[in-house]
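Throughout, a chain's letter reflects where its sequence line sits, starting with A, and its residues are numbered from 1. Atoms considered below: every heavy atom in the structure, side chains included; atoms not considered: hydrogens, waters and symmetry mates.
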Amino acid sequence: MKKYAPFLLLFILIIFPLVIQNSYYQHLMILVLMWVVIGSGWNMIAGYTGQVSFGDAAFFGTGAYTAGLIASKLGLSAWWGMAFGGFTAMAVAFPFGWICFRLRGAYFALASLALNEICRHIATIWEDLTEGMVGILIMPSFLSKIPYYYIALALAVMSVLMVQIVMNSKWGYYFLSIREDQDAAESLGINTHHYKMISLNIAAFLTGMAGSLFMNYMGFIDPEVVFSLHDISIMAILVGIVGGVGTIYGPVVGAFVMVAVHEFFRTGFFGFFKGLAALTGSEHLTVAAKYIGQAHVLGFGILVVVVILVLPNGIVGDWGKIIRKVIPMKTKGVTT
Amino acid sequence: MIIFKVENLVKYFGGLAAVNNVSFEVQKGEIFGLIGPNGSGKTTIFNLISSYFPVTSGRIYFKDQDITAFKTHKICKAGIGRTFQVVKPLGRLSVLDNVIAAAFARVQTKHEARDLALETLEFCGLAHRKEILAKSLPIGERKRLEITRAMATKPELLLLDETAAGLNPSELDTAIDLILKIQDRGVTIIIVEHIMKVIMTISDRIHAINFGQTIAHGSPEEVANDPAVIEAYLGEEYAHR
Ligand SMILES: Nc1ncnc2c1ncn2[C@@H]1O[C@H](COP(=O)(O)OP(=O)(O)OP(=O)(O)O)[C@@H](O)[C@H]1O
Ligand SMILES: [Mg+2]
């Protein structure tokens, strides 16, 4: 059963837009697939290699702007961004990792946070290139969501496969060794700096690709959107930890859950508060409804705490535990 | 044939000379004992050899090559394996995966690495534990995992830092057997050990240090009867009896 689950999931994902023609749900699924890509990248560097990144938006935004600028400055199709976005994100990751991986511990996490902010400021200030806060608007290539959906699906499948292949190779073993103990890793002949660089660049590549996809799909970007600390960088961390750090399918599950949660907050509990406000005519509720949409960062924070307390290994990592809780009968008398 | 030597090794931590002008040579294929009381600088010498920190001065040679400036991972690749006194298992990986990670120092594919790891686990007597997470091994087997992992990197010189400490008598015997088996494979060994039964029975030659300085060297009998060594271990009054 477990062995076939990925194929079943893939099959469902392939037929999804043909069965569900509601464009809102298709939109959400495209976002889910995009987050699978980003989550897989974050999982590579943070989950498997133990170098927690707080700045994924730096790579995401770079990928997005690559696509946007190819369209706005060169007049080419923004889809060229899909070919280059991953590499420009690597071009950001490379010097960053080169410097920061010389330091151990929390430095990388803090520096990645700084990188996020530096990129956002550059994109805001360098108006000649990026149009600053005005952002970049391109004409969408397709009216239907279905082409975007399948491109996103292909990218997501590629990401998951890539992680799976890497983690089954020498690189994967080296990443895990670095996560577990850097001194031990070095003593086993592992050039920790070199392999951290590889891991980071894989992560940056995937995240940059996702950024390019985002530009093509949404048709509009500005620095606040694609270099957003909470909507991209923190969201990436959440996708990683909710699904399960250091598991292949963790980011897949995490992407579903987090896009749903994000949407839940964004719409003010799916319009619940707005409805309630309209029903009761209460002014306080109207105000509350407005702010709840913006307070999703707070909701994220609470969610992190709950996940870490209840499911420290994420949904995939603690699957056995969840099953045992939900179906206590099944495992009664079995000591584990 | 001399396979390894250190010349005038010095390491200062702030004002403290943890290692002060130590020199020795190791013959290919021998078991070379390095002894000294607590805090005398034995682990520091290992850390200098494997380049965990730079030497203050002095030189280190392996197979006629100056390896003083090599990075830690290069030392391993050059053929020097080590264990840690304070064990460093890759905790959330299985015992097998720990050893596979090490085996990749010598082979490229997963398949070859797995074969090498299984063979090494068998050789070191840890094969029956291969599926267990490294962090859930008891201390005796963690020490054995340290040796297994180092062996999977196919070293020509193996540095063992108190791999027998904390073992019960029967574990101690298997540990001694294993070390002799490793020597039989042609691996040269430098061993740091407090347990005299171990160091005296298996070492071909012994080098004794105290406060970072050489106090004696020679055969196990010579070193055991050396007044400076007796004094360092038991205090001055015993030295003259
Ligand atoms: N990283 C370090 N920073 C500062 N001082 C250190 C460091 N490592 C070791 N020392 C000091 O150097 C001296 C030698 O320590 P070392 O660990 O080499 O002794 P040892 O002979 O291995 O002792 P033991 O038998 O207890 O393992 C000690 O005084 C120790 O406190
Ligand atoms: Mg020591």
Does the [X] side chain pair with the main chain of [Y], one donor and one acceptor, at a distance under 3.5 Å?
X: B/Gln27; Y: B/Met1; value: yes
X: A/Glu180; Y: B/Gly91; value: yes
X: B/Glu146; Y: B/Lys88; value: yes

Can you tell me which portion of [X] sits under 4.5 Å from chain A's heavy atoms? Options are side chain, backbone, both or neither.
X: B/Phe104; value: both
X: B/Ala113; value: neither
X: B/Gln108; value: both
X: B/Ser50; value: neither
X: B/Leu90; value: both

Are the ring centres of [X] and [Y] closer than 6.0 Å?
X: B/Phe62; Y: B/Phe70; answer: no
X: B/Phe32; Y: B/Phe24; answer: yes
X: A/Phe96; Y: A/Phe108; answer: yes

Practice task
Anything in residues 185-207 of chain A with a heavy-atom distance to chain B below 4.5 Å? Please list those residues in order.
Solution key: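 Interface residues of residues 185-207 of chain A: A/Glu186, A/Ser187, A/Leu188, A/Gly189, A/Ile190, A/Asn191.
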Practice task
Establish, for the pair B/Arg82 and B/Phe84, whether the NZ or CZ atom is under 6.0 angstrom from the six-membered ring centre and no further than 45 degrees off its axis.
Solution key: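 B/Arg82 over B/Phe84 ring: yes.
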Problem - Atom pair CZ/OG1 of B/Arg142 and B/Thr83 - distance to nearest 0.5 Å - result: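 Reported to 0.5 Å precision, the distance equals 14.5 Å.
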Practice task
Mind ranking B/Arg149, B/Lys135, B/Arg92 by heavy-atom pairs under 4.5 Å with chain A and telling me who comes out on top?
Solution key: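 Most heavy-atom pairs under 4.5 Å with chain A: B/Arg92.
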Problem - Side-chain touch B/Glu171/B/Glu141, heavy atoms, less than 4.5 angstrom - result: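 SC-SC contact between B/Glu171 and B/Glu141 ruled out.
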Practice task
Answer with side chain, backbone, both or neither: which region of A/Ser177 has an atom nearer than 4.5 Å to a non-hydrogen atom of chain B?
Solution key: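 For A/Ser177, heavy atoms of backbone and side chain both lie under 4.5 Å from chain B.
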